[in-house]
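Heads up, the thing below is written out as structure tokens.
Remember, predicted model here, so these are calculated numbers, not experimental data. Position 1 is the first residue of the sequence; numbering continues from there.
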Amino acid sequence: MTELWQQRWPGCPPVGYKLRDPYREVWVRFHSLPESKRYAEDEGEYTVVLERHNTVLDALFAGADVYVITPLWTAGAEVPSWQPGAEYWQSLLLQDDPDPEFRTYCHLFAARRAWRRGCIDELLRDIADDKVAGVLITDARMQHIYHPYDGGADVLLATPEERDRMRDRHADWLSSHPSGL
């Protein structure tokens, strides 16, 4: 996985918030609720959140296997234990400091699964509620990346043309901010 990541996304670690700037030409952000509302307040709004996530995820991954990559952030280099079904992938030192107490490590765990609509709804709901952060979903060839966050998702596609088609298909879900944020 590491070699494939480095070939496809060189110079950038597999950390969602770090991907947008170096790959802006293939990046688009979708908001998960109308009018860029950040958090769902009732079941009707959660339905909209999950529908938007699953619509884009289906367009990216229907019929394919995906990696669901979940980070665990710690102050120590020791790899923590993780949930069943996910395997340890790698650890990254994201913030170095002479004082070990101020270092930040990101330990990545990956689970490979066949994509089907709704298969990660529980995780997407936890992300929407800001209980989980930093998740990446990618196809087995790492051509597409879906990075959901509380409020929407950053999507990285294989080409600018593919990004434009996806952006145009879901134009109502875009931010009105000029930067696309």
Which pair of heavy atoms, one from [X] and one from [Y], lies closest together, and at what distance?
X	Y	answer
Arg8	Ala158	NH2-CA, 3.1 Å
Ser36	His31	OG-ND1, 2.5 Å
Gly152	His53	O-CE1, 3.4 Å
Ala133	Pro71	O-CG, 3.3 Å
Ser91	Tyr88	OG-OH, 2.8 Å
Pro10	Tyr23	O-OH, 2.7 Å

Cluster overlap [X] with [Y], hydrophobic side-chain contacts below 4.5 Å:
X	Y	result
Ile127	Leu33	no
Tyr39	Leu124	no
Val49	Val135	no

Quick one: [atom1] on [X] to [atom2] on [Y], what's the gap to the nearest 0.5 Å?
X	Y	atom1	atom2	answer
Leu4	Gln143	CG	CD	8.0 Å
Glu25	Leu157	CD	CG	11.0 Å
Tyr67	Leu108	OH	CG	13.5 Å
Asp58	Trp115	CG	CH2	6.0 Å
Asp172	Glu35	CG	CD	11.5 Å
Met142	Leu156	CE	CG	13.0 Å

Under a 4.5 Å cut-off applied to non-hydrogen side-chain atoms, are [X] and [Y] in contact?
X	Y	value
Val48	Pro34	yes
Asp121	Asn54	yes
Met1	Ile69	yes
Ile145	Pro14	no
Phe109	Val79	yes
Trp27	Leu19	no
Asp150	Asp129	no
Leu57	Arg117	no

Exercise for review: Kindly determine whether Met166 and Leu60 satisfy side chain to side chain contact (heavy atoms under 4.5 Å, CB included), including the steps that lead there.
Suggested key: CA-CA 9 Å; Met166 178 74 73; Leu60 295 173; 3.7 Å; yes
Review point. Which is it for Leu94 and Lys18 under the side chain to side chain contact (heavy atoms under 4.5 Å, CB included) test, yes or no, and what are the steps along the way?
Key: CA-CA 10 Å; Leu94 290 180; Lys18 290 185 172 277; 3.9 Å; yes
Point to revise | side chain to side chain contact (heavy atoms under 4.5 Å, CB included) evaluation trace for Arg113 with Ile120 | key: CA-CA 10 Å; Arg113 64 182 315 148; Ile120 60 169; 3.9 Å; yes
Main chain of [Y], side chain of [X]: is a donor-acceptor contact present, judged purely on distance under 3.5 Å?
X	Y	result
Trp89	Ala111	no
Thr104	Ala75	no
Asp139	His144	yes
Glu45	Glu41	yes
His107	Leu92	no

Review point. Has Arg29 got its NZ or CZ under 6.0 Å from the middle of the six-membered ring of Tyr149, at an angle within 45 degrees of the ring axis?
Key: yes
Exercise for review: Scan side-chain atoms only and decide if Thr2 and Gln6 contain a donor-acceptor pair under the 3.5 Å cut-off.
Suggested key: no
Exercise for review: Test Arg52 against Trp173 for side chain to side chain contact (heavy atoms under 4.5 Å, CB included), laying out the working first.
Suggested key: CA-CA 9 Å; Arg52 287 186 180 192; Trp173 303 350; 3.1 Å; yes
Practice item. Carefully, step by step, assess Arg165 and Asp168 under the rule salt bridge (Lys or Arg N to Asp or Glu O under 4.0 Å). Key: CA-CA 5 Å; Arg165 286 190 302 274; Asp168 294 347; over 6 Å; no
Review point. Could Arg169 and Glu162 be called an ion pair, given the rule that one side-chain N must be under 4.0 Å from one carboxylate O?
Key: no
